[in-house]
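The structure appears right after this line, and notes come after that.
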Amino acid sequence: MAKATAYISYGKLIVNGKSVLNFRRVGSWIGSVLRYLILIGISYVILYPLVVKFSSSIMTRTDIWDPSVLIIPKYPSLNNYKLAVRFMEYPLAFWNSFKLAFSVSTLQLISCTLVGYGFARYRFFGNGFWFALVIFSLVIPPELILIPLYLNFRFFDFFGILPEGGFNLLGTAWPFVLPALTASGFRNGLYIYIMRQIFRGAPKELEEAAYVDGAGPFRTFFNVVLPGSIHGLVVVFLFSFVWMWNDFNLTSFYWPKGKLLPIMLNDLARNVLGDQYLHAPVEASLVNNAGSFLIILPLLLLYAFLQRYFVESIERTGLVG
Amino acid sequence: MRRFRLTLRQRDNVYGYIFILPFVIGFMLFVLAPVIQSIILSITEVTITSTGFETTYIGFENYYFALRVHADFLRQLVEVMGIMLLNVFWILVFSFFAALLLNQKFPGRLIFRIIFFLPVVMASGVILQLEIQDYMMAIIGEQVVENYSFVDFQVLATFLMRLQVPDKFMEYIARAVDGIANIINASGIQILIFLAGLQSIPPSLYEASQVEGATGWENFWLITLPMVSPLILTNIIYTIIDFFISTSNSLIQLIRNTTTQGAGFGVSAAMSWIYFAAICVVLGIVYLIFNRLVFYHE
């Protein structure tokens, strides 16, 4: 009987002339198991709070104190949602928030796209200087200009043009609309930067062809350039919409009495439980979770619709110059 | 010929300024004017009257008050800087790692990408603020750390103590482990930027190195890392800014509270300027250090 032979060659364990084990394949197999483990672990960290938030929003008091209940409540109820909808005046606040976020993000999208295109395609005098100012506007802490802006919107006189005393724009949508219209709202520098990178990465030939065919710069921009950069537009719109929709920082400053979702959520526990809400952390938490979920839900739906653009667009946005 | 070139340049100038006009107006009205006003505010005392507000010049008293008299400001400033360094380091490491993972081809990649960018959509504003005080979230926070640090922290702590690791270092690790969920949730945009960078590396480079017989390890250090290094700088700067201007930052809250209930507009403006100066110094140092290490393909 022939002696059994075992040796390793080209990364394979060979016994009796047959390849038994391919180390390279095993290595890549282990690698992919590890990869899934890590990815699932991280996804868990991201999703777990969301799941708990949801599950606790449909719990009742008894479920919270029941040690055998972890995620799935024994007595699920929509009571928290009912409370949240009633005390947040959800339909009204939703509609207000939607109007504000939609108009602001649309305006920001238009203005930042125009500005970004100007920076990307035209070598005008002072291009670099103005772009440095875009970055500057992105870097300054909002708190720095928040107070002067607050005072300006309180006594809005267009810096001396309008009559003495000016108008009080606080408590209206104008403090959000005006900066959005002029590409200088919250994080608009980032959107200008993204759009500029996208347009710089786009091929010039189409535009040149349009010029040769006699289209002016604006017609070229709207009919040729914009349709080609739809992915980037979606990303900017999504960012802008999400930040405006969730924003509490500016809305609580300019429009503290506004019936907007974040403001209503902030006061939710107090409105439901009265002044004692700090002494009832569990009840506050239940109703707050329901309220937060009501705010996030539209965003999740929006994200589900747009994620195709969002996730794919990375390949095309050319965020990288 | 010469005339044509001139008109082309004029055309660039005219249309360029027409396109960026919104920003020019916006910058003047809503950035430059407030910045100048805030400088003025920081060296004056502000009183609000029925028809507007009045200012009286008091020199650098507000700055003096913020730095020397105010009990918390300076301490918090230093503290925020420390937290920032810790966060920026871990966010960068994590987001780069995540981007590398998400860039590979494997079944289910789309789902993981959707999940990883989810925090961009969720984490912000009032929800974040509520979570800080929230009872349930406090419990979850502990559970996540317990379940999802790769090592049991108690064991690690004893182990490090045996090794006589300095306390400062221990504290650093402890905070890092504590903050895993925060780090992951703050990394969405950075992952997006890194991913975009990884995808813009021309495949021909990898093909060439494969022909030369390079290993994956060598590919990483000699192609991937240099090619995305400009984005590492971009991301460091983005992360620092993002951290500095985020509302969950305790210093921002302090400044805001000073405006509405504390020492008033003047002092809070002075605080903002000190803070801004600190940011600029940090950004400048970071830029000088890392710009030398960055490899530019062009």
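Just so we're on the same page: letters track the sequence lines, and every chain starts at 1.
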Is the Lys NZ or Arg CZ of B:Arg11 less than 6.0 Å from the centre of A:Tyr211's six-membered ring, within 45° of the axis?
yes
With a 4.5 angstrom heavy-atom cut-off, is it the side chain or the backbone of A:Leu138 that approaches chain B, or both, or neither?
backbone
With the side chain counted from C-beta on, respond yes when A:Phe124 and B:Val14 share a heavy-atom pair under 4.5 Å apart, and no when they do not.
no
Just so I know, are the side chains of A:Leu50 and B:Leu118 near enough to count as touching, which here means a heavy-atom distance under 4.5 Å?
yes
Specify which of A:Phe218, A:Trp245, A:Phe241 makes the most heavy-atom pairs with chain B at under 4.5 Å.
A:Phe218
What distance do A:Leu133 atom CG and B:Met28 atom CE have between them, rounded to the nearest 0.5 Å?
8.5 Å
Measure distances from A:Leu114 to the heavy atoms of chain B and classify the residue's part below 4.5 Å as side chain, backbone, both or neither.
both
Salt bridge (Lys or Arg N to Asp or Glu O under 4.0 Å): which pairs involve residues 185-199 of chain A, sequence neighbours left out?
A:Arg187-B:Asp242
Identify which part of A:Thr251 has an atom lying under 4.5 Å from any heavy atom of chain B, answering side chain, backbone, both or neither.
neither
B:Tyr17 side chain to A:Phe125 backbone, donor-acceptor under 3.5 Å:
yes
A:Tyr36 side chain near B:Pro107 side chain, heavy-atom distance below 4.5 Å:
yes
Interchain contact, B:Val228 with chain A, by part (heavy-atom threshold 4.5 Å)
neither
Top contributor to chain A interface from B:Ile111, B:Ile25, B:Leu101 [non-hydrogen pairs under 4.5 Å]:
B:Leu101
Hey, could you give me the OG1/CZ distance between A:Thr182 and B:Phe30, rounded to the nearest 0.5 Å?
5.0 Å
Nearest 0.5 Å, what's the CD1-CD1 distance between A:Ile46 and B:Ile114?
12.5 Å
Can you tell me how far CZ of B:Arg113 sits from CG of A:Leu39, rounded to the nearest 0.5 angstrom?
11.5 Å
Heavy-atom pairs under 4.5 Å with chain B are the metric here; pick the option from A:Asn188, A:Ile145, A:Leu299, A:Leu300 that has the most.
A:Ile145
Starting from the C-alpha separation in whole Å, work towards a yes-or-no answer on side-chain contact (heavy atoms from CB on, under 4.5 Å) for A:Asn152 and B:Gln37.
CA-CA 10 Å; A:Asn152 281 337; B:Gln37 273 176 317; 2.9 Å; yes
B:Phe19 pairs by ring pair (Phe, Tyr, Trp, His ring centres under 6.0 Å) with which of A:Phe221, A:Phe199, A:Trp130?
A:Phe221
The interface call for A:Phe293 against chain B, heavy-atom contacts under 4.5 Å, is neither
Answer with side chain, backbone, both or neither: which region of A:Leu181 has an atom nearer than 4.5 Å to a non-hydrogen atom of chain B?
backbone
If you compare all heavy atoms of A:Pro148 against all heavy atoms of B:Ser38, which two are closest, and at what distance to 0.1 Å?
CG-CB, 3.6 Å
About how many Å separate CZ of B:Phe94 and CD1 of A:Ile42, when rounded to the nearest 0.5 Å?
4.0 Å
Top residue by heavy-atom pair count (under 4.5 Å) with chain A, among B:Leu21, B:Ile36, B:Ile189?
B:Ile189
Under a 3.5 Å distance rule, please check whether B:Asp12 uses its side chain to pair with a backbone N or O of A:Arg123 as donor and acceptor.
yes
Proximity breakdown for B:Ile40 and chain A, heavy-atom pairs closer than 4.5 Å:
neither
Residues A:Ser43 and B:Phe116: closest non-hydrogen pair is OG-CE1, 3.9 Å
Does any heavy atom of chain A fall under 4.5 Å from the side chain of B:Ile184, the backbone, both, or neither of them?
side chain
Considering only heavy atoms, which portion of B:Phe106 lies under 4.5 Å from any heavy atom of chain A: side chain, backbone, both, or neither?
both
With chain B, which of A:Ser137, A:Pro217, A:Gly185 has the greatest number of heavy-atom pairs at distances under 4.5 Å?
A:Pro217
Closest non-hydrogen contact found for B:Gln104 with A:Arg35 is OE1-NH1, 2.7 Å
Under 4.5 Å between any side-chain heavy atoms of B:Ile18 and A:Tyr122, yes or no?
no
